[in-house]
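Everything numeric in this text was worked out from a predicted model, so none of it was measured. Below, all heavy atoms of this structure are taken into account, side chains as well, without hydrogens, waters or symmetry copies. A note on names: the letters A, B, ... follow the listed sequences, proteins ahead of strands, and every chain is numbered from 1.
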Number of protein chains: 2
Amino acid sequence: MQESNRKRGRSSKISRDRILEASLVEFAENGYEGATTASVARRVGVTQPLIHYHFGSKEALWRAAVELAFGRMTTVLQGVEEDVLRAEPRDAIRIMARRFVYFNARYPEVARLIISESAVRSPRLEWMVDKHLRPLIRQLEVMFKSGLEGGILKPLPIQSVVFAFLGAVPHFFDAAPLIDLLWGFDPLSPEYVEAHADTLVEMFTTGLFRTPDVA
Amino acid sequence: MQESNRKRGRSSKISRDRILEASLVEFAENGYEGATTASVARRVGVTQPLIHYHFGSKEALWRAAVELAFGRMTTVLQGVEEDVLRAEPRDAIRIMARRFVYFNARYPEVARLIISESAVRSPRLEWMVDKHLRPLIRQLEVMFKSGLEGGILKPLPIQSVVFAFLGAVPHFFDAAPLIDLLWGFDPLSPEYVEAHADTLVEMFTTGLFRTPDVA
DNA sequence: GTCTATAATTAGATAGAC
DNA sequence: GTCTATCTAATTATAGAC
C-alpha cells in the first residue's frame, strides 16, 4: 500500500485502475461507438492522452474493461458452485438465481456492456464471445442439463431460457433512470433488490399464475 | 400515389421514409451517441445533408424514429385488447404475451431503441417517457391489476414483473448476432420465434419447475 | 506517470447549384 | 428534393516537455 497523493483532481498512483473502472461505466452507458476516451478522462479527472499512455488505444481499453467485467462475473459464479453442491437441487437453482440478481444489482454495467455489443456482428463481439461468453454459457448449459436429467426442470429449449433470464435480471437495474422516471424509486436500493430477487425466483420457478393450471 | 423513379440508388420520392426506417435500425444498433447521420445516409444510399433537409437535425431524426417505434407498438397493443375481451382471462394473458413476442421478433429495433436510452437520465429519455412510455406502462398496470383482482396472478410487485418481461422477450431477438455465434441459429426464423413464444409463456405462467413445489 | 500541444480524421450542420 | 462543397467542433492518437 502506497499512501500518496489521491483525491487531488490531477495525479494519482492508482489512476490506471480508476480509468479502467470509469471506462466500464462509460462503455456500458454509451456503447463502444458512443463512448469517448475524453469522457472517460473527464470522469476520472485526468487528461485524455493519459488513457493512451496506459492502454494504447480505445479498443484496447474496451478489451480491458471487458476483462474486468467477466472477471467479476466468473468470481461470483464460482462462489455459487460451492453452495450448489451443498443444497437440495431445487434450492440450488434458487440460490444461483438470487446470486445472479445480487451480482447485477452490484455491477449493473457488466450485463449492459455485453448487451450493448450483442446486436451487431463485429470483431469485438466475436472476441468477447470466444474468449469469455461461450465458456460461461457452456457452464450454464451443463447445470441446466443436470436440472433436466434430475427431473427438476421442464424440457424447454435452453437458449430461450438462458436469454430470457439474462434479459430479465439485469434490465431492472440498468434501467434505473427509466424506473425512477416511471415510478420514482431506485431499483438499486436494498429493499428493491431483495424484492426483485424474490419476484424473479418466484416467476421463473413456479410462474405468475396462482393456480398451477396445467394445460 | 405518385408512381415515379424508385430503386435507382440516388433520388427517390419515398426517401424520407427510407431514411426514417434506416435511422430506427441505426439508433437501435448503436445508441444515440454511437449512431451517425452519415451511416444512416449510407444505409439508404443518399447523401448526408439530405437527412438535414428532411429532419432538420440528428435529434429531430431520433425523435421521429421513436415516434415510428411507438406507433408500431401501440398498434399491436390495441389489437391485443380486442382479443383479450373475448378470451378466458388466463388465455388472454397468454395471448398478450405471445403477441408481444411476435411483435419483438418482427421489429427487434423497437425495444432495443428504448433500452439503449434507458441507462442514462437525459432530456431525450425524459421526453420519451413522458410522451410515449408512461402511458403504455400505465395501460399495462391496469391489465396487471385486473389480473390480480381476478385472482389469476400472484401478488408480486408489478415493476419487477414488467421489467422482467420487457427484458426477457426482446433480448432473444435483438441479440441475434450473439446467438448465431453461440449456437449457430437465427432466432428470428419462424420456428425459433414460435419456440421462444412457447417457452416464455410456459415460464412466465407456470414456471420452469416440473412439480409445483409450493414453498 | 502526467501534462500541453497538435496532427489527422470524422462528426453534425449550412450554403448554394441543379 | 437531392447533390457538392465546406465550415466548425469533436474524436482518436502522437510528440515531446516536465
Side-chain angles (χ1 to χ4, degrees), chain A residues 1-27 29-66 116 122-124, chain B residues 1-27 29-66 116-117 120 122-124:
Chain A
M1 284 180 235
Q2 310 106 320
E3 59 293 293
S4 62
N5 45 0
R6 53 188 64 171
K7 267 286 172 64
R8 262 211 281 114
R10 48 174 72 187
S11 148
S12 160
K13 269 265 171 37
I14 44 154
S15 67
R16 201 200 115 105
D17 292 340
R18 297 180 60 221
I19 289 169
L20 182 56
E21 183 64 46
S23 76
L24 178 51
V25 176
E26 171 77 8
F27 284 125
E29 286 184 355
N30 301 108
Y32 181 82
E33 305 291 351
T36 71
T37 54
S39 171
V40 173
R42 238 177 289 120
R43 285 173 193 265
V44 179
V46 296
T47 55
Q48 180 262 342
L50 189 61
I51 290 173
H52 286 82
Y53 169 77
H54 281 299
F55 294 94
S57 71
K58 181 183 177 182
E59 181 140 352
L61 175 61
W62 178 85
R63 284 210 170 81
V66 171
S116 75
S122 67
R124 281 194 309 279
Chain B
M1 283 179 235
Q2 309 106 319
E3 60 292 296
S4 63
N5 46 0
R6 56 188 62 174
K7 267 282 170 69
R8 263 209 283 111
R10 46 174 72 189
S11 146
S12 162
K13 268 266 171 38
I14 44 151
S15 67
R16 202 200 115 105
D17 292 340
R18 298 181 59 222
I19 288 169
L20 183 56
E21 182 64 46
S23 76
L24 178 50
V25 177
E26 171 76 9
F27 284 126
E29 286 185 353
N30 301 109
Y32 181 82
E33 306 291 352
T36 72
T37 55
S39 171
V40 173
R42 237 176 290 119
R43 285 173 192 267
V44 179
V46 297
T47 55
Q48 179 260 342
L50 189 62
I51 290 174
H52 286 83
Y53 170 79
H54 281 298
F55 294 93
S57 71
K58 181 184 177 181
E59 180 141 352
L61 176 62
W62 178 84
R63 283 210 170 80
V66 171
S116 75
E117 281 296 318
V120 182
S122 68
R124 282 194 310 277

Where the side chain of [X] is concerned, which of [options] is the nearest nucleotide?
X: V46(A); options: dC3(C), dG12(C), dT11(D); answer: dC3(C)
X: L50(A); options: dT12(D), dC3(C), dA15(C); answer: dC3(C)
X: P49(B); options: dG1(D), dT4(D), dT2(C); answer: dT4(D)
X: H54(B); options: dG1(D), dT11(D), dG12(C); answer: dG1(D)

What integer distance in Å separates [X]:[atom1] from [N]:[atom2]?
X: I14(B); N: dT2(D); atom1: CD1; atom2: C1'; value: 15 Å
X: Q48(A); N: dT6(C); atom1: CD; atom2: C1'; value: 12 Å
X: I51(B); N: dT14(C); atom1: CD1; atom2: P; value: 14 Å
X: K58(A); N: dT9(C); atom1: NZ; atom2: P; value: 17 Å
X: D17(B); N: dT2(D); atom1: CG; atom2: P; value: 11 Å
X: R18(B); N: dT2(D); atom1: CZ; atom2: P; value: 10 Å
X: E33(A); N: dT9(C); atom1: CD; atom2: P; value: 18 Å
X: W62(A); N: dA13(D); atom1: CH2; atom2: P; value: 15 Å

Quiz item: Under 4.0 Å between a side-chain N/O of S15(A) and OP1 or OP2 of dT2(C), yes or no?
Solution: yes
Quiz item: Is the distance from OP1 or OP2 of dG1(D) to the nearest side-chain N or O of Y53(B) less than 4.0 Å?
Solution: yes
Shortest non-hydrogen contact between [X] and [Y], atoms and distance:
X: L20(A); Y: A65(A); value: CD1-N, 3.6 Å
X: S39(B); Y: E26(B); value: OG-OE1, 2.9 Å
X: L61(A); Y: S23(A); value: CD1-OG, 3.6 Å

Scan [X] against the nucleic acid and name what it touches under 4.0 Å (heavy atoms): base, sugar-phosphate only, or nothing.
X: A41(B); value: nothing
X: T47(B); value: base
X: A60(B); value: nothing

Quiz item: Is a donor on one side and an acceptor on the other found under 3.5 Å between the side chain of K58(B) and the backbone of A35(B)?
Solution: yes
Exercise. Show the numbers, then the answer: is there a side chain to side chain contact (heavy atoms under 4.5 Å, CB included) between H54(A) and S15(A)?
Key: CA-CA 9 Å; H54(A) 281 299; S15(A) 67; 3.8 Å; yes
